[in-house]
S.K.: 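If you scroll down you'll find the structure; I have some questions about it.
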Amino acid sequence: DLLRPICQLIGNRCTLLDVGWAGMDAAELECDRAQIITELSTDYRTTRWVAAIESMRSRNALQQLTSLVPGNRILIGFDYHNGKLIGEIPMDDWIEIGLRSQVAGSVILDLARVGSQSGPTTGPYCRGVKNAAPDWTVFSGGGIRNPRDVEDLTAAGCERCLVGTALHGIV
């Protein structure tokens, strides 16, 4: 009920949308949730869908999402907490699955750093993803304090930075 009004407000601006995709069994693929995702994907073509690995129940979940949304509009979400990947399936496996599914890229965050202004720790992960999947667009964030942190992330292969807390003091 909330997604459509939000998408309408955002319009055709590029938006990252993480809906907690877990994957679906065959019956669920026919349900309203799948239909809503398909409709929003059709109506709002600038929306990029984040499939976070800690939410996905299996290796098949990403392929299921690509049956609803074109792979070139999906980003795999790699969330860390204090440097530990959240999820049971290794990052390299997800990169391989993402390459086969022709996803657009990834979003890499260390959730322990989000809002902390303590500096990002995701540079090595950005570099690893970029080396394994050079055509992917890599987003990263968590702890970004200043332009130097952004420079460090871009030097590690990150093309887009998610910055929030660092901006709070300038508006």
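Quantities reported herein were computed from a predicted structural model and do not represent experimental measurements. Just so you know, residue 1 is the first one in the sequence shown, and it goes up from there. Only heavy atoms go into these numbers, but all of them, side chains included; no hydrogens, no water, no symmetry mates.
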S.K.: Give me the atom names and distance for the closest heavy-atom approach of V129 to S106.
M.R.: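 Residues V129 and S106, closest heavy atoms: CG1-OG, 3.5 Å.
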S.K.: Can you run down the ring pair (Phe, Tyr, Trp, His ring centres under 6.0 Å) pairs that involve residues 107-129, sequence neighbours left out, and say none if there aren't any?
M.R.: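 Every ring pair (Phe, Tyr, Trp, His ring centres under 6.0 Å) pair that includes a residue of residues 107-129, provided the two are not neighbours, is Y80-Y125.
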S.K.: How long is the gap from CD on Q64 to OG1 on T66, to the nearest 0.5 Å?
M.R.: 9.0 Å
S.K.: Once ring pair (Phe, Tyr, Trp, His ring centres under 6.0 Å) is applied, what residue pairs with a partner in residues 43-78 remain, sequence neighbours excluded?
M.R.: none
S.K.: With a 4.5 Å cut-off on side-chain heavy atoms, are W21 and I37 touching?
M.R.: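 In short, these two side chains touch, coming nearer than 4.5 Å.
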S.K.: Any heavy-atom pair between the side chains of I53 and D79 that's under 4.5 Å?
M.R.: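 Side chain of D79 against side chain of I53, heavy atoms only: no contact under 4.5 Å found.
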S.K.: Can you tell me which residue pairs pass the salt bridge (Lys or Arg N to Asp or Glu O under 4.0 Å) test with a partner in residues 117-139, sequence neighbours excluded?
M.R.: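 Output for this query lists K130-E159.
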S.K.: Mind checking whether L16 and I10 sit in one hydrophobic cluster, side chains of I, L, V, M, F, W, Y counted as touching below 4.5 Å?
M.R.: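 Shared cluster, no.
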S.K.: Which residues pass the side chain to side chain contact (heavy atoms under 4.5 Å, CB included) test with A104, sequence neighbours left out?
M.R.: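 Residues passing side chain to side chain contact (heavy atoms under 4.5 Å, CB included) with A104: L75.
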S.K.: To the nearest 0.5 Å, tell me how far L17 CG sits from T47 OG1.
M.R.: 6.5 Å
S.K.: Do you know the tightest heavy-atom contact between I89 and S58?
M.R.: CD1-C, 4.3 Å
S.K.: Looking only at side-chain N and O atoms, does S140 offer a donor or acceptor that is under 3.5 Å from a partner on T122?
M.R.: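 Their side chains do contain a donor-acceptor pair, which is all the 3.5 Å distance test asks for.
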S.K.: Indicate whether the side chain of T121 and that of D110 have a donor and an acceptor atom separated by less than 3.5 Å.
M.R.: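 The answer is yes; a qualifying pair exists.
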S.K.: Kindly indicate whether the side chain of V138, heavy atoms from C-beta on, has any atom under 4.5 Å from the side chain of R160.
M.R.: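 No, every pair of side-chain atoms sits at 4.5 Å or beyond.
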S.K.: Answer yes if M56 and L99 sit in the same cluster of Ile, Leu, Val, Met, Phe, Trp and Tyr residues linked by side chain heavy atoms under 4.5 Å apart, and no otherwise.
M.R.: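 Linked within one cluster.
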S.K.: Can you hop from F139 to L111 via hydrophobic side chains spaced under 4.5 Å?
M.R.: yes
S.K.: Where is the tightest heavy-atom contact between C161 and C158, given as atom of each residue plus distance?
M.R.: SG-SG, 3.9 Å
S.K.: Return the minimal non-hydrogen interatomic distance between M91 and I108, and the atom names on each side.
M.R.: CE-CD1, 4.4 Å
S.K.: How close do A61 and A22 get, heavy atom to heavy atom, and via which atoms?
M.R.: CB-O, 3.6 Å
S.K.: Between G123 and L153, what is the shortest heavy-atom contact and its length?
M.R.: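 Heavy-atom minimum between the residues: N-CD2, 3.8 Å.
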S.K.: Is the closest side-chain heavy-atom distance between R57 and N60 below 4.5 Å?
M.R.: no
S.K.: Once ring pair (Phe, Tyr, Trp, His ring centres under 6.0 Å) is applied, what residue pairs with a partner in residues 87-107 remain, sequence neighbours excluded?
M.R.: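 Every candidate ring pair (Phe, Tyr, Trp, His ring centres under 6.0 Å) pair involving residues 87-107 fails, so no pair, neighbours aside, qualifies.
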S.K.: Kindly compute the distance separating OG (S101) from CD (E96), expressed to the nearest 0.5 Å.
M.R.: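 Rounded to the nearest 0.5 Å, the OG-CD separation comes to 10.5 Å.
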S.K.: Under a 3.5 Å distance rule, please check whether D149 uses its side chain to pair with a backbone N or O of D152 as donor and acceptor.
M.R.: no
S.K.: Show your reasoning for whether side chain to side chain contact (heavy atoms under 4.5 Å, CB included) applies to Q102 and N72.
M.R.: CA-CA 6 Å; Q102 299 180 336; N72 65 358; over 6 Å; no
S.K.: A side-chain contact here means heavy atoms from C-beta on lying under 4.5 Å apart; do L109 and V107 qualify?
M.R.: yes
S.K.: Please examine the side chains of L3 and L40, heavy atoms only from C-beta on, and report whether any two atoms are closer than 4.5 Å.
M.R.: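 Sidechains of L3 and L40: in contact.
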S.K.: Taking side chain as C-beta onward, heavy atoms only, is I144 less than 4.5 Å from V150?
M.R.: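 Yes. Closest side-chain heavy atoms under 4.5 Å.
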S.K.: In the structure I gave you, are the side-chain heavy atoms of R48 and T15 within less than 4.5 Å of one another anywhere?
M.R.: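 No - every pair of side-chain heavy atoms lies 4.5 Å or more apart.
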S.K.: Please determine, by modelled atom types, if S41 and R73 share a side-chain donor-acceptor pair under 3.5 angstrom.
M.R.: yes
S.K.: Kindly determine whether Q63 and I97 satisfy side chain to side chain contact (heavy atoms under 4.5 Å, CB included), including the steps that lead there.
M.R.: CA-CA 8 Å; Q63 287 94 343; I97 294 164; 3.7 Å; yes
S.K.: Keeping to residues at least two apart or across chains, list the side chain to side chain donor-acceptor pair (under 3.5 Å) pairs with something in residues 81-92.
M.R.: none
